[in-house]
Protein chains: 2
Amino acid sequence: MSNRRNAVHEILRQSEGFRSAQDVYAEMRAEGAKIGLTTVYRALQTLVDSGQVDVLRTDDGESVYRACASVHHHHHLVCRRCGRTVEVAGPAVERWAEAVGTEHGFTEITHTVEVFGTCSACSAAKAG
Amino acid sequence: MSNRRNAVHEILRQSEGFRSAQDVYAEMRAEGAKIGLTTVYRALQTLVDSGQVDVLRTDDGESVYRACASVHHHHHLVCRRCGRTVEVAGPAVERWAEAVGTEHGFTEITHTVEVFGTCSACSAAKAG
DNA sequence: GCGTAAATGAAAACGGTTGTCAAAATCGGC
DNA sequence: GCCGATTTTGACAACCGTTTTCATTTACGC
């Protein structure tokens with residue numbers, strides 16, 4: 001369909017990690033592409049909807065996108081002091097959530113898990 | 001010091017889950033408290049900085065806050081259609097969260113878990 | 001009571017995101 | 001190729017949660 005959307009997808013493919021919409025937009029403009037910010041957002045949204053792109057929110061509320069979504073479900077371990085975040089997998093939690101839901105007659109079960117703690121660096125700083 | 005800050009903290013203490021700043025503000029105003037939105041934000045930020053409150057971002061970019069030492073700890077299984085909520089205990093999850101945190105050198109580990117699903121009544125209604 | 005410093009809050013600024021709407025590109029039939 | 005209908009596009013404004021500004025109020029020590 002639109003080669004704009006493919007162009008956006010291509011930028012993400014060429015990128016290593018997560019990129020923000022504004023970032024993608026800036027790069028495309030820098031490359032000389034005639035594209036509007038609105039279209040970048042729309043393309044990203046479409047890609048997310050069709051499962052071709054992962055999206056998550058940074059701590060300061062910006063959405064960041066990444067291509068090649070192996071729908072790899074994970075949770076976050078967040079330091080409550082410095083905000084450092086570690087992605088963690090939790091097969092035990094997945095199974096537990098599913099079991100708890102089923103046990104109560106619920107279907108189409110999803111879940112969110114956030115683990116908070118004080119990371120080693122911060123607990124050292126705090127102690128000192 | 002400021003009883004405004006304590007008031008904000010108190011609202012969070014009386015709350016079960018995460019609340020948004022605007023939500024806290026609305027409740028305080030509804031209770032007749034003379035407080036500004038700015039002060040609520042400032043109080044929340046201070047509480048977060050001092051480690052008395054957890055904060056995270058929702059999917060739509062809003063910051064939500066929760067008082068740290070939750071008294072009786074349990075999780076919620078929520079029907080995404082009718083909102084019916086079941087309190088569930090999850091020793092497996094508690095252990096998992098603790099283990100995951102420790103594994104990454106984190107201490108003072110807390111966690112939040114929300115399980116969503118469609119309850120039996122609603123999935124029946126939906127099917128029909 | 002008086003002075004200083006901290007706290008407060010109304011309003012404006014900010015920034016990322018989303019909506020609006022007219023223009024441009026594309027499609028389908030001929 | 002031509003023409004109308006549909007889709008895509010993008011400049012701009014609107015939106016909304018959050019942060020900053022700054023003048024006022026309050027708390028505290030004397």
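Side chains included, hydrogens not; waters and symmetry mates left out as well; all remaining heavy atoms used. In what follows, chains are A, B, ... by sequence order, proteins preceding strands, each numbered from 1.
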Starting from the 5' end of DNA chain C, give me the residue, A:Arg42 or A:Leu37, whose nearest nucleotide shows up first.
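Of the two residues, A:Leu37 wins.
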
Closest nucleotide among [options] to the [X] side chain:
X	options	value
A:Glu62	C:dG16, C:dG9, D:dA11	C:dG16
A:Ile35	D:dG10, D:dT18, C:dT17	D:dG10
B:Gln22	C:dG16, D:dG17, D:dA11	D:dG17
B:Thr38	D:dT9, D:dC12, D:dT21	D:dT21

Heavy-atom pair with the smallest gap, counting every atom of B:Ala21 and B:Tyr41
CB-CE2, 3.5 Å

Can you give me the closest heavy-atom contact between A:Ser20 and A:Tyr65, atom names plus distance?
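That closest heavy-atom pairing would be C-CD1, 4.5 Å.
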
Take atom [atom1] of [X] and atom [atom2] of [N], then tell me their distance rounded to the nearest Å.
X	N	atom1	atom2	answer
B:Arg5	C:dT8	CZ	P	9 Å
A:Met28	D:dG10	CE	C1'	13 Å
A:Lys34	C:dA24	NZ	P	14 Å
B:Asn6	C:dT8	CG	P	10 Å
B:Gln45	C:dA7	CD	P	15 Å
A:Leu44	D:dT8	CG	P	16 Å

When you measure from the side-chain N and O atoms of A:Tyr41 to the phosphate of C:dT17, is any distance below 4.0 Å, counting only OP1 and OP2?
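Indeed, a polar side-chain atom of A:Tyr41 lies that close.
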
Taking only side-chain N and O atoms of B:Ser63, does any of them lie within less than 4.0 angstrom of OP1 or OP2 on D:dT18?
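It does, given that an N or O in the side chain of B:Ser63 lies less than 4.0 Å from OP1 or OP2 of D:dT18.
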
Give the intermediate values and the outcome of side-chain hydrogen bond (donor to acceptor under 3.5 Å, both in side chains) for residues A:Glu10 and A:Asn6.
CA-CA 6 Å; A:Glu10 191 52 34; A:Asn6 286 331; over 6 Å; no

What about B:Arg57: does its side chain form a donor-acceptor pair under 3.5 Å with the base of D:dG17?
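Checked by distance alone, the answer is no.
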
Is there a side-chain contact between B:Leu44 and B:Leu12 in this structure, where contact means two heavy atoms from C-beta onward sitting under 4.5 Å apart?
yes

Donor + acceptor pair across side chains of B:Glu98, B:His111 (<3.5 Å)
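Side-chain D/A pair, B:Glu98 to B:His111: absent.
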
